[in-house]
Amino acid sequence: MQLDAIEANAADQDRGAWFDLFDPVTGGKTGIRLRLAGPDSATQGRARLAMVDELAEAADDEGKVSAAAREKIRLRSLASCVLAWEIEEGGAPVPFTQANVLRLLRSARWVEEQIDAMAGNRAAHRGVI
């Protein structure tokens, strides 16, 4: 692999890759699709920096950050890696907003786990799987 290939892949990861959410019990598609920035993208780089800044701001005088604050900050960071989606509620498309992405992430632990795993999957962002 050459440097230009690595840089091209990082640029591709910024455009994101589409993923289907799967039912955690049946393994079938849920009908929800998300486009996520890859782990080597500038989008995820900015999200990591923002998370560090938010953690520093949330720290108390002793440098401690509560678990609740850490979890909120972590979910906001993950939500910023979602670039687009295809999701419906009541037969109508759900608007793509940060608040709605956070709503989806908080809806069930398995949803968050799949999105987190997909956001960090380099193979998937190179079309390997």
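As a basis for the values below, the full set of heavy atoms in this structure was taken, side chains included, without hydrogen atoms, waters or symmetry mates.
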Rounded to the nearest 0.5 Å, what's the gap from [atom1] on [X] to [atom2] on [Y]? Could you check?
| X | Y | atom1 | atom2 | result |
| --- | --- | --- | --- | --- |
| Ile73 | Glu57 | CD1 | CD | 8.5 Å |
| Lys29 | Asp20 | NZ | CG | 4.0 Å |
| Asp60 | Ser66 | CG | OG | 9.0 Å |
| Arg48 | Ser80 | CZ | OG | 10.0 Å |
| Ser77 | Gln44 | OG | CD | 7.5 Å |

Do [X] and [Y] make a side-chain contact, defined as non-hydrogen atoms from C-beta onward lying under 4.5 Å apart?
| X | Y | answer |
| --- | --- | --- |
| Val111 | Ile32 | no |
| Val94 | Glu88 | no |
| Val82 | Phe96 | yes |
| Val101 | Trp85 | yes |
| Arg122 | Asp40 | yes |
| Leu34 | Leu104 | yes |
| Glu71 | Arg106 | no |

### Task
Using the side chain to side chain contact (heavy atoms under 4.5 Å, CB included) rule, take Asn100 and Ile87 through it: C-alpha gap first, then chi angles, then the decisive distance, then the call.
CA-CA 10 Å; Asn100 281 337; Ile87 184 171; over 6 Å; no
### Message
Whether the Thr43 and Asp14 side chains hold a donor-acceptor pair (N or O, under 3.5 Å, no angle test) is what I'd like checked.
### Response
yes
### Query
Under 3.5 Å, is there a donor-acceptor pair linking the side chains of Asn9 and Gln13?
yes
Minimum heavy-atom separation for [X] to [Y], with atom names?
| X | Y | result |
| --- | --- | --- |
| Ala69 | Val65 | CB-CG1, 3.8 Å |
| Ala124 | Phe19 | CB-CE2, 3.4 Å |
| Leu36 | Ala119 | CD1-N, 3.9 Å |
| His125 | Ala17 | CD2-CB, 3.8 Å |
| Leu75 | Leu105 | O-CD1, 3.7 Å |
| Gly27 | Phe22 | O-CD2, 3.2 Å |

#### Entry: Qualifying residues under side chain to side chain contact (heavy atoms under 4.5 Å, CB included), relative to Leu49, sequence neighbours excluded
none
### Query
Glu54: what forms a side-chain hydrogen bond (donor to acceptor under 3.5 Å, both in side chains) with it, not counting sequence neighbours?
Arg76
### Message
When you measure from the side chain of Thr30 to the backbone of Asp23, do you find a donor-acceptor pair of N or O atoms at a distance under 3.5 Å?
### Response
no
### Task
Dump the intermediate steps for side chain to side chain contact (heavy atoms under 4.5 Å, CB included) on Met51 and Arg70, then the final yes or no.
CA-CA 9 Å; Met51 182 173 65; Arg70 279 194 312 271; over 6 Å; no
### Query
Hey, is CZ on Arg103 packed in by over 12 heavy atoms from elsewhere, all under 6.0 Å?
no
### Message
Hydrophobic clustering (ILVMFWY, side-chain heavy atoms < 4.5 Å, transitive) - are Leu102 and Met118 grouped together?
### Response
yes
